[in-house]
2 protein chains.
Amino acid sequence: MQFDDKVPIYYQIKKYLYKEIIIEHLNPGDKLPAVRQLAVDLTVNVNTIQRAISELVEEGIIVTQRGKGNFVTTDMEKLFALKRHVVEEQIEVMYNNLTALQVSPDEVLEYLTTYIGQRKEQDNG
Amino acid sequence: MQFDDKVPIYYQIKKYLYKEIIIEHLNPGDKLPAVRQLAVDLTVNVNTIQRAISELVEEGIIVTQRGKGNFVTTDMEKLFALKRHVVEEQIEVMYNNLTALQVSPDEVLEYLTTYIGQRKEQDNG
DNA sequence: ACTAGTGTATTAGTTTACTATTACACTATA
DNA sequence: TATAGTGTAATAGTAAACTAATACACTAGT
């Protein structure tokens with residue numbers, strides 16, 4: 001896995017696991033790969049994996065069963081809230097940053113519309 | 001100034017200076033505060049300021065006149081490109097992250113529209 | 001010439017994230 | 001009960017960012 005050297009790796013792994021859960025590569029109740037396996041897959045140290053996972057456990061997204069493994073929670077409330085939160089955060093950060101640059105809400109919408117239009121052209125062409 | 005401890009300070013200062021230039025708190029040809037003054041204002045070390053500024057110099061956004069100070073470039077092309085780039089980057093990052101979460105372009109637009117609607121209510125209420 | 005204001009460079013020390021390694025504890029199964 | 005698979009913890013070492021302090025070099029005004 002490729003990491004942005006401006007952000008701690010454990011934090012990027014956290015976001016990666018969020019993603020895997022949100023897009024249902026990992027479903028409620030699923031067992032995660034073993035920490036040692038994840039360490040190999042993502043080419044980082046076990047401790048780094050551990051740090052990411054322990055934060056997800058604190059947040060109630062992942063549940064640990066000692067000796068068995070780590071599992072995605074079956075608490076659907078938590079999972080819905082996770083997706084809502086992650087998506088909203090993306091929008092919010094972008095909106096706040098652009099607003100700080102004195103871009104108006106209408107302009108933000110305009111920029112996004114234009115951007116999507118360009119992407120559609122590119123992705124088709 | 002308040003920093004996000006997940007991102008290097010020098011990098012956040014870079015972004016801060018981008019902002020100051022884009023919103024025309026600093027205009028073409030303007031002299032920046034002295035590095036020692038900036039260090040006090042932003043409550044960081046001079047070396048950290050220096051690191052941020054030296055990257056802006058490499059990018060041609062800031063021009064150093066030794067013994068005099070650091071100045072915003074008068075190359076308007078560079079400045080327009082800067083704004084274009086910074087704004088587009090915000091949109092792009094958000095779009096890519098949401099796409100990775102299997103949010104469709106139309107949904108991205110929908111989320112943003114809803115978000116802006118909510119903000120307007122809040123900010124008026 | 002002197003001095004104050006500026007950027008630049010160097011050195012040393014601290015903190016945090018990360019790695020590497022090893023050991024320990026729990027679970028399930030042959 | 002032995003063993004393989006799991007999470008957990010602790011120790012030691014490395015690298016990067018940051019701070020602190022000092023010294024140097026250039027510019028402008030007195």
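Just so we're on the same page: letters track the sequence lines, and every chain starts at 1.
In this structure, the nucleotide among dA17(D), dA17(C), dT19(C) sitting nearest to the side chain of Asn45(A) is dT19(C). Nearest nucleotide to the side chain of Thr64(B), out of dG7(C), dT19(C), dT8(D): dG7(C). Between dC18(C), dG7(D), dT6(C), one nucleotide has an atom nearer to the side chain of Arg66(A) than all others, and that is dG7(D). In this structure, the nucleotide among dT8(C), dG7(D), dT19(C) sitting nearest to the side chain of Asn70(A) is dG7(D). Closest approach to the Asn47(B) side chain among dG7(C), dA9(C), dG7(D) is made by dA9(C) (side chain taken as heavy atoms from C-beta onward).
Under a 4.0 Å N-O distance rule, the pair Lys83(A)/Glu88(A) does not qualify as a salt bridge. Between Glu24(A) and Lys19(A), no side-chain nitrogen of the basic residue sits less than 4.0 Å from a carboxylate oxygen of the acidic one, so the salt-bridge criterion is not met.
Taking atom CD on Gln65(B) and atom P on dG7(C), their separation rounds to 11 Å, with Å as the unit. Taking atom CD1 of Ile49(A) as the reference point, atom P of dA9(D) lies 16 Å away to the nearest angstrom. Between Ile9(A) atom CD1 and dT19(C) atom C1' the separation is 10 Å, expressed in whole Å. When the C1' atom of dG7(D) is taken as reference, atom CG of Leu32(A) falls 12 Å away, rounded to whole Å. Following rounding to the nearest Å, Leu38(A) (CG) and dG5(D) (P) show an atom-to-atom distance of 16 Å. Arg51(A) has its CZ atom 15 Å from the P atom of dT8(D), to the nearest Å. If you measure from atom CD of Gln50(A) to atom C1' of dA25(C), you get 13 Å, rounded to the nearest angstrom. Residue Asp5(B) contributes atom CG, which lies 7 Å from atom P of dA17(C) at whole-angstrom precision.
Note on Lys31(B): only backbone sugar-phosphate atoms sit closer than 4.0 angstrom, heavy atoms only; bases stay farther off. Among the heavy atoms of the strands lying under 4.0 Å from Arg36(B) is at least one base atom, whether or not backbone atoms are also near.
Val46(B) and Leu42(B) fall within the same hydrophobic cluster, where Ile, Leu, Val, Met, Phe, Trp and Tyr residues are linked whenever their side-chain heavy atoms come under 4.5 Å apart, directly or through other members.
Within the model, atoms CD of Glu92(A) and OH of Tyr115(B) stand 4.0 Å from one another, a figure rounded to the nearest 0.5 Å.
Nearest-nucleotide assignment on DNA chain C puts the 5′-proximal partner with Thr43(A), out of Gly67(A) and Thr43(A). Between Lys68(A) and Val44(A), the residue anchored nearer the 5' end of DNA chain C, judged by the nucleotide with its closest heavy atom, is Val44(A).
Side-chain contact between Ile91(A) and Leu98(B) is present, with at least one heavy-atom pair separated by less than 4.5 Å.
A close approach under 4.0 Å does not occur between any side-chain nitrogen or oxygen of Thr48(A) and OP1 or OP2 of dA17(C).
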